[in-house]
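Every chain is numbered from 1 and lettered A, B, ... according to where its sequence line falls, protein lines coming before strand lines. From a predicted model like this one, the values you see are computed outputs, not experimental measurements.
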Amino acid sequence: MRSPLSRLGRVSSVSVDADGISARSRREVVLDVSFDGRRVYSFWLHRDGTPTGAPGTWQVPWPGSLHRFLSGTTRLTLAVHESQEAVFDQEVTLGGGAGRIAVVNAAGQPLSLDKSLRLVQTFDSRSEENVRPLLDAIDHVLAGLEQAGIHAFLAYGTLLGAVRDGRLIGHDSDADLGYVSEHEHPVDAIRESFRVQRALTRAGYRITRYSALAFKVDVVESDGVVRGLDVFGGFMRDGYLHLMGEIRTPFKRSWVTPLGTATLEGRSFPVPADTDRFLTATYGRSWRVPDPAFHFATPRSTHRRFDGWFRGIRVRRPLWDRVYSRRPAPSATPSDLARWVADREDPTTPVVDLGCGTGSDALWLARRGTPVTGLDFVRRGFERAEEEAVAEGLDARFLACNLLELRSVLATGALVAADRGPRIVIARHLADHLGAGARRNAWTAARMMLHDGGRLYLEFLIQRGDGRLARKQRARVRTPKAVARELRALGATIVERETVRIPRSDRGGGSPAKTCRMVATWQ
Amino acid sequence: MAMKDRMRNVAGRFRAPATHDLRQRVVALEAEVQECRQLNLRLAELTDVVTALLVPLARADEAELREVLAKYHESL
């Protein structure tokens, strides 16, 4: 259901404490929370709160992302978003801190919560000078897309801001672009998106792909903040507009193209032909009334369609991005598997570490004189190892490879196999972290890399135990039989298999954890 | 399957076998439809690899071949 609009509800009995904010209002209402006069976040009283038991009173807990800031004193103002009527305005002390509460980043720049409750630098805390590079970036990306034959337009919050006030929305933090492909089949729309990404990469843009039909273009602003510009692909099919992010609604192409224009922060940008219909499809009929806490309510069938057609290339990515967010240093000691491989193989035979993580094993092998290629889908994971390898002049290279993306698998496999000769492929704790599709891709990559002979060394968890290891790594137990079956299905021969008990000191006590080591070849 | 779903399944089997059977079939059908949808991305990826690489690779010598592959890899 689309949002019922906040009306000037009678909000009373407001109280603020360490747990959150409670207020009484019979009607649903959107409230802005400000600290010392600066808006920090907004919420819907009924949707985001729980009834306290007192009639018409709801309590909204502090969002988790704010917890670490809530120690000290602030002048807390609670205002009805639509009318800006203050319903609470008092000095409040939370936690044990002595100073003023400051929701800022490490550089002291003000942060607020966006509609997904993430801490971001929203536009209301940024100067015109800060915003100009973003407008330049929109122009630049639009020009790049135009060159690639794509007529893109402002979409979502950016379109809303432009059409409603001619400005970026204060509580927004990014800029969104969209386009509707000339193609009407998902396969053609995906291929076009790949082609467009290539064109933008060639033009020097840094792209992060979210799905087969949406990607982000990174833009560096004047104060060094890297801001993402989301480009959402779309297409018409069977009288419906499909636009990533996520719209599926009966629509006519003539309501999108030929594109019109709207003014945003004094500049003219392309917008869909019928902005009223477009914004109604996005935010419901009430799009004209501001609501900083708006949540999309997408039918499950739309999610299912978009998930099935376009998603699955970033499964568990947020987890690994978090694991490697601080660019961890590679360990000086190799894994037992790396030692085991090194004891058995000729040190001059090249090694590929599939899923190399921080690159510890790759570096250790390279230092022994083995030519090494480390592959992982999170670049940050191996950046430090890459720097060390360059500094030491080692024969080691590190490449990004996403085993969830067949294109990445085939291109990486071919790139590695372009150097002729046998090699060793190591896949340590890969089988127990990947789903079935990604495992099949991993074994396909290994087969390509072992085109001229060599061996694939696998190690994966077969008994969890209750130690730290499996918990920390979130590995899933696999059976050797199932993994062997997958490999054989791709033509491999299993030449060796053994069970390894993880020593007690490494797993932190409890029942034993066991891994399987498996060696496979392709004839 | 979540515990709640499993319990509902067990309860459903006793209450209305025909409805339970239909529910099961809908779940299976949804999974199969999703499988079919996933072919779109696979097909697009394969076609992209072939169209973006086949001609340049067919024309390339050894050094160019590596460059073509590296460029494609970089663009992902």
Side-chain angles (χ1 to χ4, degrees), chain A residues 183 185-203 205-209 211-213 215 235 300-301 303-313 375 377 397 399-402 404-420 437 440-441, chain B residues 1-9 11-12 16 19-76:
Chain A
H183 299 291
H185 194 283
V187 171
D188 297 324
I190 294 170
R191 289 185 54 209
E192 179 183 63
S193 176
F194 291 163
R195 182 180 60 74
V196 169
Q197 182 186 355
R198 262 199 295 280
L200 289 173
T201 307
R202 265 200 308 273
Y205 294 92
R206 201 170 79 191
I207 311 285
T208 307
R209 181 165 283 284
S211 72
L213 204 56
F215 50 81
F235 58 103
R300 232 185 107 231
S301 59
H303 277 311
R304 269 206 314 261
R305 279 191 169 85
F306 286 10
D307 285 355
W309 279 330
F310 307 115
R311 298 205 172 99
I313 60 173
L375 303 172
F377 77 157
R397 66 172 168 175
L399 301 170
C401 173
N402 184 0
L404 295 160
E405 234 182 312
L406 189 58
R407 294 187 308 154
S408 179
V409 169
L410 297 180
T412 312
L415 199 59
V416 169
D419 293 320
R420 289 165 209 269
R440 187 186 54 217
N441 282 344
Chain B
M1 200 187 288
M3 180 60 86
K4 208 166 129 194
D5 290 334
R6 269 203 295 264
M7 285 167 71
R8 199 174 289 154
N9 261 347
T19 316
H20 174 75
D21 182 48
L22 278 175
R23 276 182 199 281
Q24 295 291 84
R25 287 173 66 184
V26 168
V27 169
L29 276 172
E30 277 185 352
E32 284 168 22
V33 168
Q34 207 61 346
E35 252 179 60
C36 291
R37 287 199 181 111
Q38 282 157 0
L39 282 178
N40 284 280
L41 177 52
R42 206 166 169 77
L43 179 60
E45 292 208 272
L46 284 169
T47 318
D48 189 68
V49 170
V50 172
T51 49
L53 291 181
L54 198 61
V55 173
L57 290 186
R59 291 179 179 172
D61 62 24
E62 183 90 16
E64 284 169 343
L65 180 145
R66 277 162 214 266
E67 201 189 321
V68 168
L69 280 172
K71 264 199 185 145
Y72 181 80
H73 186 270
E74 271 300 303
S75 79
L76 299 181

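For A:Ala400, the part lying under 4.5 angstrom from a heavy atom of chain B is the backbone only. For B:Glu74, the parts lying under 4.5 angstrom from a heavy atom of chain A are both the backbone and the side chain. Within the 4.5 angstrom heavy-atom criterion, only side-chain atoms of A:Arg420, from C-beta onward, approach chain B. In this structure, the portion of B:Leu65 lying under 4.5 Å from any heavy atom of chain A is its side chain and not its backbone. Only the side chain of A:Ile313 comes within less than 4.5 Å of a heavy atom of chain B; its backbone N, CA, C and O stay farther away. Interface remark: A:Arg304 contributes backbone and side-chain atoms alike to the contact with chain B (heavy atom separation under 4.5 Å). Of the two parts of A:Arg311, only the backbone, made up of N, CA, C and O, holds a non-hydrogen atom closer than 4.5 Å to a non-hydrogen atom of chain B. With a 4.5 angstrom heavy-atom cutoff, A:Leu406 touches chain B via backbone and side-chain atoms both. Contacts between A:Asp188 and chain B at a heavy-atom distance below 4.5 Å are absent for every atom of the residue.
Shown here for B:Ala52 and B:Tyr72, the closest heavy-atom pair between the two residues is CB-CE1, 3.6 Å. Smallest separation of non-hydrogen atoms from A:Asn441 and A:Val409: O-CG1, 3.3 Å.
When each of A:Gly437, A:Ala411, A:Ala418 is scored by its heavy-atom pairs under 4.5 Å with chain B, the top score falls to A:Ala418. For the set B:Glu35, B:Lys71, B:Glu62, the count of heavy-atom pairs under 4.5 angstrom toward chain A peaks at B:Glu62. With chain A as the partner, the residue from B:Asp48, B:Leu41, B:Val49 showing the most heavy-atom pairs under 4.5 Å is B:Asp48.
One finds the CG atom of A:Asn402 at 11.5 Å from the CG atom of A:Leu375 (value rounded to the nearest 0.5 Å). Between the CG atom in B:Leu69 and the CG atom in A:Leu410 there is a gap of 11.0 Å [rounded to 0.5 Å]. To the nearest 0.5 Å, atom CD of residue B:Glu45 and atom CZ of residue A:Phe194 are 4.5 Å apart. Atom CZ of A:Phe235 is separated from atom NE2 of A:His185 by 9.0 Å, given to the nearest 0.5 angstrom.
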Step by step, would you call A:Glu405 with A:Arg209 a side-chain contact (heavy atoms from CB on, under 4.5 Å)?
-> CA-CA 11 Å; A:Glu405 234 182 312; A:Arg209 181 165 283 284; 4.2 Å; yes

Could you go step by step and tell me if A:Phe215 and A:Val196 meet the side-chain contact (heavy atoms from CB on, under 4.5 Å) rule?
-> CA-CA 10 Å; A:Phe215 50 81; A:Val196 169; 4.0 Å; yes

